[in-house]
Amino acid sequence: MSGAKREIVLGVGGGIAAYKACDLLRRLQDLNFSVTVVPTPSSLNFVGTATWEALSGRSVSTEVWQDVEKVKHVSLADQSDAIIIAPTTADLLARLVQGRADDLLTNVVCASSKPKFLVPAMHPQMWLNPTTQANVEILRSRGFAVMQPATGRLTGEDSGVGRFPDTNEIIAAFLEHIGSTQDLVGKKILISAGGTREAIDPVRYIGNRSSGKQGQALAIEARNRGALVTMVLANSDASELAGVKTLKVETAAEMHSALLANMQDSDVLIMAAAVSDARPTSVATEKIKKNDLNSIDLVSNLDILKDLSTSANDSQVIVGFAAETSNLEELGKAKLLSKELDLIYVNDVSNGAVFASDESAGYLISADGESTYIEQTSKAKIAKYILDKVVSRLGYANG
Ligand code: CTP
């Protein structure tokens, strides 16, 4: 079931923040959700049906009186895995408390037994109104997840609590709420990504060409399958991933301490980062003049993966990476043994660079002796294969 498209309803209430829900819809689609938009009739004053139909690629209704033969309120309630309503207005909160069914959206909510996630947005005085607050409490007690609005500048001159939260925050909270049907739910996965850099002087460093793409693909796949993901990311300017706690580091030593601090709490470590094998013995405080730059004394960096795997407990699953040009399987198996890993993915770099690419090929080797060659494919697919193996190793480790 991993990777399967999930059906959701995006309800849109009649507040000015409706225009921000256009971006939310796009991001939800990026996360592999199939989205049917159900606006309230009053929300069409802000964003019209044509916009929602064009963005979602689906027909859009606001009333049960449209497409009556499809009995949309029941079919949408049955077919969707969750309902998110963003923005949720004060009026909509009140109608949901009452169990009213006076438009298509409230009908769908009434008919649905699936997770419901509300994103209120309104003027602070409306949000802080005791009636609104009481409505929120009632809905929470009935199992609705109700997000806290953000604080800041409002539509008019004033500011306060009531703003529509940042899209990334909404998605992170929504994924946390609905993740309960997936195979990594509740598992804590620690992923390293990118390439470390070791300073030579204030302007130069020893680095590598890792783009961080494989590590990020793993973080996305793990998050989509319900895991709580922490990513230690070295030197990548990729934008923040919604629902992934990202810790940015520069050097191997920083990466080691960030991983160490999170290791005990994690079920899985995936070491996708390219770690610099050595660093300059000392870092010059002033820029080294070119005439003095003839050689650099190096000292080895700690093998982070080996350090963490040898002190890991039996229930933790440890995944390593390698890049080889020949004897991939043999070298991969040896590395798996010497670094005490559960799994290793050996990138086949015999045909040129893999670093900036969106694809790779290689062997996925498991400690139980299973070894599979994965033909050239996307890093997203490779992430999926690796996590499929992680899921079975988790069962093995905990069984
Ligand atoms: N790794 C690490 N710390 C290092 C070097 C590597 O944690 N100082 C991790 C990488 O993140 C990767 C794995 O070890 O998961 C494999 O690294 P690789 O460079 O391929 O292997 P090495 O053990 O360094 O051996 P060699 O370069 O000689 O093949």
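As the structure is a computational prediction, the values presented were derived from the model and not from experiment. Numbering of ligands and ligand atoms starts at 1, following listing order.
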Element-labelled atoms of ligand 1 that are located less than 4.0 Å from some non-hydrogen atom of A323: 20 (O)
NZ/NE/NH1/NH2 to OD/OE distance under 4.0 Å, K287 and D201: no
Distance-only side-chain donor-acceptor flag, K72 / S61, under 3.5 Å: yes
Nearest neighbour in protein (non-hydrogen) for atom 17 (O) of ligand 1: K339 NZ, 3.6 Å
Exercise: do R26 and Q29 side chains pair donor with acceptor under 3.5 Å: yes
Donor + acceptor pair across side chains of T230, N262 (<3.5 Å): no
Residues S350 and D348: side-chain donor-acceptor under 3.5 angstrom: yes
Atoms of ligand 1, numbered as shown, that sit under 4.0 Å from any heavy atom of G320: 15 (O)
Protein contact for atom 21 (O) of ligand 1 (heavy atom, distance under 4.0 Å): yes
Ligand 1 to A322 polar contact by distance, N or O atoms, under 3.5 Å: no
Check: K335 N/O within less than 3.5 Å of ligand 1 N/O: yes
Residues R6 and D81 bridged, charged N to O under 4.0 Å: no
Backbone N/O of Y363 and side chain of E329: donor-acceptor pair under 3.5 Å: no
Nitrogen or oxygen atoms of M271 and ligand 1 under 3.5 Å apart: yes
Short side-chain donor-acceptor distance under 3.5 Å, D103 and T106: yes
E7 bridged to R58 by N-O distance under 4.0 Å: yes
Nearest neighbour in protein (non-hydrogen) for atom 3 (N) of ligand 1: I304 N, 3.0 Å
Any donor-acceptor N or O pair under 3.5 Å, side chains S360, N347: yes
For atom 27 (O) of ligand 1, closest protein heavy-atom neighbour: D277 OD2, 4.3 Å
For atom 7 (O) of ligand 1, the protein heavy atom that lies nearest, with its residue and separation: L305 N, 2.8 Å
N or O pair under 3.5 Å between V275 and ligand 1: no
Sub-4.0 Å heavy-atom approach of L302 to ligand 1: yes
Distance from atom 16 (C) of ligand 1 to nearest protein heavy atom, with residue and atom: F321 O, 2.6 Å
A252 touching ligand 1 at heavy-atom level, < 4.0 angstrom: no
Taking atom 10 (C) of ligand 1 as the reference point, the nearest protein heavy atom with its distance: A273 O, 3.5 Å
